[in-house]
Structure formats: C-alpha cells, structure tokens
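All remarks here apply to the structure that follows.
Letters A, B, ... are given to chains in the order of the sequence lines, protein chains preceding strands, and every chain is numbered from 1. None of these values were measured; they are calculated from a predicted model.
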Amino acid sequence: MTPSAHPSLYVAPSLEDALNALAERGADGAPLAGGTWIMRAPLRHEAKSPAFVGLGRVAGFGRIEVHDDHVIIGAGVTHARLAEALRDIPDLQGLAAAAGRSANPAVRRAATVGGNLCTAGFAAADLVPALLCLEAEVEIASRAGVQRLSLEAFLAARATLEPGRLLTQVHALRSSARSAHARLPLRKAGDYPVAILSMAVMRDDAGRVVRARVAVGSVEAVARRWPALEAALTGPPLDAASAERAATDLAGEFDGREGVDAPGWYRVAVLPALARRAVAALL
Amino acid sequence: MPTDMTVNGEARTSARDPLTPLIDVLRDEFHLTGAKPVCREGFCGACTVLVDGEPTVSCLTPVAMAGDCDVVTIEGLSSCGLTDIQSRLEQGDAVQCGMCFPGMVMTLSHFLAHTPQPNRDEVRAALTGNICRCTGYERIVEAALAVAGGRAEGRR
Ligand SMILES: Cc1cc2nc3c(=O)[nH]c(=O)nc-3n(C[C@H](O)[C@H](O)[C@H](O)COP(=O)(O)OP(=O)(O)OC[C@H]3O[C@@H](n4cnc5c(N)ncnc54)[C@H](O)[C@@H]3O)c2cc1C
C-alpha cells in the first residue's frame with residue numbers, strides 16, 4: 001500500500017472541518033469516533049484505513065436533547081452518557097439498557113452511538129435493535145448537504161456509503177410505550193451478546209397491547225424488526241409465557257449466523273427466552 | 001505530528017505516529033511500565049489509565065486522542081505513598097501475579113471516588129472490564145468494600 005499524503009489520524013475541531021478532511025482523503029479516509037472498533041482491526045486481521053479523521057472534538061456531536069415527542073442523540077454521544085441521560089425516562093428504558101449494559105464501563109465511556117450504528121461488520125451492536133424499536137431516523141452529512149433516512153434504510157445502505165459521509169445525529173420517537181432490551185452474553189464481563197431482543201409496547205387502559213415493536217440483533221448479520229411477533233403480541237394483554245410461546249412458533253424465520261462465540265442454531269434457539277424476559281421487564 | 005499532553009502532572013510530548021495506542025507511548029516512549037498491554041482489545045482492563053479523570057483503556061486510545069489531556073498512570077496516582085485502596089489490597093493479600101492490578105487500582109480509585117458507599121454488586125459491576133485470572137475477585141471486592149467501610153467509620 002502506498003503511504004497516504006495525510007497523517008494516520010487527524011483530529012478535526014468541527015463538523016465542517018471533518019467533512020472537508022474526509023472529502024480531501026477520499027477512499028483513503030475514514031471517520032474515527034471512539035476507536036473501540038477500529039483499534040482492534042489487527043485482531044480481526046483487517047487493514048486500517050490509511051488516513052483517519054478523528055471526530056472526538058467535533059462540537060455538537062456530544063449533544064442529547066430530550067423533547068416531549070422525540071429525542072435527538074449526537075453521533076459522538078458515548079454509551080455511558082446515553083445510559084445516564086435516559087436513566088429516568090420510562091419509554092426509553094430499552095435504549096438506556098442497551099447503552100448501559102453493552103461492553104464494560106471503560107469501553108462504554110469511549111464507544112459512540114455513531115460508531116455503533118456505522119460498523120457494517122458488527123452484528124452484535126446493542127443500540128441498533130433498541131433504536132429500531134423507537135423508529136429512529138439518522139442524519140447523514142456530506143459537503144453536498146444533509147440527508148435524513150430511516151435507520152432501516154441506513155442499515156441497508158451503510159456498507160456501500162460513499163466516502164466523505166458522516167452520521168451526525170439520531171432522531172428517535174418518544175411515546176407512551178414502554179421498552180425493554182433483553183440480551184444474552186455468554187459471560188457478563190464484556191462479551192458480545194449472542195442474541196438480542198428489544199421491544200417497545202404500547203397498551204390501552206385495559207392493558208391490551210395496541211402496538212408492539214420488536215427487533216432482533218446479533219442473530220443475523222444485520223439487526224431487523226420481527227413483524228410476525230409484533231402481530232402476535234398485538235391485541236391481548238401482555239403476558240410473558242404467551243410471548244415465549246409465540247416466539248417459539250415464529251423463530252424459524254431467522255437464519256442464525258455462525259460464529260466462534262455461538263453456532264447459528266443457538267442464537268435462534270434463545271430468542272423465545274429473550275422474548276419472555278423482555279416482556280417480564282415490561283410488566 | 002507531535003502530541004502534547006500532561007502525564008502524571010508533567011508536560012510531555014510524544015513523537016509517535018498519532019494512531020499509536022496510548023499504552024505504547026506510555027510504556028515505550030515515556031518508560032511508564034505500570035499499565036500493561038495484555039489483551040489489546042479493551043476486554044481485560046490491565047492497560048487502564050485515567051484520561052481527564054476517566055478510566056480509559058489505553059490500548060484502544062490513539063495517542064492523538066489524548067492530545068492536550070491530563071493522563072494519570074498508576075505511577076502518578078499518589079505522591080505520598082499508597083492510596084486507601086492500594087493499602088487495603090495489600091493488607092487483604094489480594095495481589096497475586098499483579099498483572100491486572102495497575103488497571104484494577106485505576107478503575108477502583110475512580111469508582112470509589114464517585115460511589116462512596118457501594119454495595120457488593122456495584123463493586124462487581126464496576127470491575128466487569130478488569131479481568132483477574134488469579135484471585136477469583138473476592139479479596140479485591142472485599143478490599144473495595146473495606147475502603148468504603150473505613151470511610152463510614154471515619155465519619156462516625
Ligand atoms: C471489549 C469490548 C466489548 C464490546 N462489547 C459491545 C457490546 O456488547 N455491545 C455493543 O454494542 N458494543 C460493544 N462494543 C463496542 C463497539 O466497538 C462499539 O459499540 C461500536 O461499534 C464502536 O464505536 P466507536 O465510537 O468506538 O467506533 P469507531 O471504532 O471509532 O468506529 C467504528 C466504525 O464506525 C465508523 N464511524 C464512527 N463514527 C462515525 C460517524 N459519525 N459517521 C460515519 N461513520 C462513523 C468508523 O469509520 C468505523 O468504520 C465492545 C467493544 C469492546 C472493545
């Protein structure tokens with residue numbers, strides 16, 4: 001590889017500067033946020049990009065705004081700050097748990113929301129299923145302007161995103177729903193979850209489910225919603241045993257990915273238990 | 001591109017490539033060998049140092065990200081002998097091979113400063129990023145609880 005004309009890491013002071021630096025570097029460049037994924041590239045036998053642009057000092061990337069009907073989360077917000085900021089907000093408990101239980105305390109202080117959503121090769125990202133349940137949208141900035149798209153559309157496009165683009169912030173909806181995040185790491189000490197099931201459920205005054213959002217992470221290569229389980233949960237009152245039964249009947253639609261930590265069949269086999277735990281956390 | 005920072009109260013400049021992990025700068029360039037590079041994947045915590053007061057895995061931190069920051073390693077934790085947690089770990093005979101301890105001490109110092117009266121579960125949760133393969137953790141947890149208990153005694 002010919003050496004890049006740019007330093008291996010340039011720490012950008014502002015969004016404009018970061019976008020300019022990425023545009024100058026073209027295919028050689030890539031953003032570096034917390035670095036907790038990038039710095040482990042040698043262990044994954046992957047080459048690092050020749051010219052990173054550091055986002056840690058970009059003004060405004062660390063902002064969290066909680067409004068009545070939505071929340072805005074800057075791409076540079078760390079898992080630790082997100083968990084702390086959402087700690088007492090009932091409808092965002094799923095996202096708070098996703099941020100607060102991932103990895104370990106020191107990694108949570110470094111890893112960012114932007115890094116979690118932008119790592120195309122990372123199936124076990126905790127924030128992705130939690131944000132899918134909140135119908136999140138992301139803003140993508142380039143020198144040409146800002147584009148807003150659903151998280152689903154972004155997940156489908158992120159591996160082929162042109163160089164020079166940055167995820168700047170996430171918008172998630174607030175509602176009267178309650179949310180939960182059930183994950184299964186093999187050990188508590190910083191392991192990636194083998195499977196994740198996030199849930200957001202809205203109930204009427206009689207306790208019947210009027211709307212359910214369920215998303216599954218780490219089972220397949222990319223997290224996705226589980227519409228069949230959402231439909232099965234909608235109508236009757238929420239009940240952990242029925243949710244587990246419905247998930248058992250429907251889990252066959254997932255094609256579990258093979259990994260060193262767990263075989264594909266196991267990731268699928270634990271989904272009913274995670275559905276039961278997520279519902280139990282909401283009752 | 002040189003990186004300026006404060007390390008254990010002294011102004012230092014690293015001449016290393018900006019993407020170099022901070023742990024390598026601390027050990028190989030500044031000869032501060034307390035923090036250990038063990039797993040190099042943010043899992044074991046043996047490389048933990050304080051960056052602007054926060055426990056940080058220095059194996060995953062490019063040195064340029066510590067630019068203009070205040071870095072404290074185990075060597076600079078105290079200017080007057082052992083700290084409370086270090087003394088309790090020593091008295092409780094908690095240290096075996098010692099590989100994980102510089103990181104353990106940095107994590108526990110920060111944790112006890114922010115959680116003055118923790119319970120056992122909180123101590124264990126705080127240590128999920130510091131792996132010890134010798135001790136089975138119980139004496140480490142006891143030492144942390146003893147620091148908290150000692151403080152409560154002191155206030156009575
Ligand atoms: C021991 C350990 C355990 C972990 N366990 C978990 C876990 O259980 N669950 C979990 O969710 N995470 C876990 N992670 C953390 C994981 O590395 C991060 O969640 C995240 O994927 C990386 O965030 P980062 O800010 O460090 O990203 P970086 O490493 O800085 O970047 C990751 C990728 O995202 C790109 N990128 C970063 N920011 C942007 C942006 N704003 N716009 C465009 N592209 C961007 C980078 O170019 C790179 O391709 C763990 C990490 C470690 C070290």
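No side-chain heavy atom of B:Met106 sits less than 4.5 Å from a side-chain heavy atom of B:Pro55.
Residues B:Asn130 and B:Tyr137 bring no donor and acceptor atom of their side chains to less than 3.5 Å of each other. Side-chain contact of B:Thr83 with B:Gln86: a donor-acceptor pair under 3.5 Å is present, judged by distance alone. Judged by distance alone, the side chains of B:Thr128 and A:Asn104 never bring a donor and an acceptor atom under 3.5 Å apart. Of the N and O atoms on the side chains of A:Asp126 and A:His181, at least one donor lies less than 3.5 Å from an acceptor on the other residue.
Neither the backbone nor the side chain of A:Ile38 has a heavy atom closer than 4.5 Å to any heavy atom of chain B. If you measure heavy-atom distances from B:Cys44 to chain A, you find no contacts under 4.5 Å at all. For a residue to count as touching a neighbouring chain, one of its non-hydrogen atoms must lie under 4.5 Å from one of that chain's; by this rule A:Phe52 touches chain B with the side chain only. For A:Arg108, no part lies near chain B; criterion is any non-hydrogen pair under 4.5 Å. Using a 4.5 Å cut-off between heavy atoms, B:Met65 touches chain A through backbone and side chain atoms alike.
Contact count against chain A (heavy-atom pairs under 4.5 Å) is highest for B:Gly42 among B:Gly45, B:Gly42, B:Ala125, B:Cys59. Your options are B:Arg40, B:Glu54, B:Glu41, B:Met1, and the one with the most heavy-atom pairs under 4.5 Å with chain A is B:Glu41. Top candidate by heavy-atom pairs under 4.5 Å with chain B, chosen from A:Leu43, A:Val107, A:Val11, is A:Leu43.
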- Query: Step by step, would you call A:Glu84 with A:Arg81 a salt bridge (charged side-chain N to carboxylate O under 4.0 Å, His left out)?
  - Reply: CA-CA 5 Å; A:Glu84 179 60 29; A:Arg81 276 200 52 229; over 6 Å; no

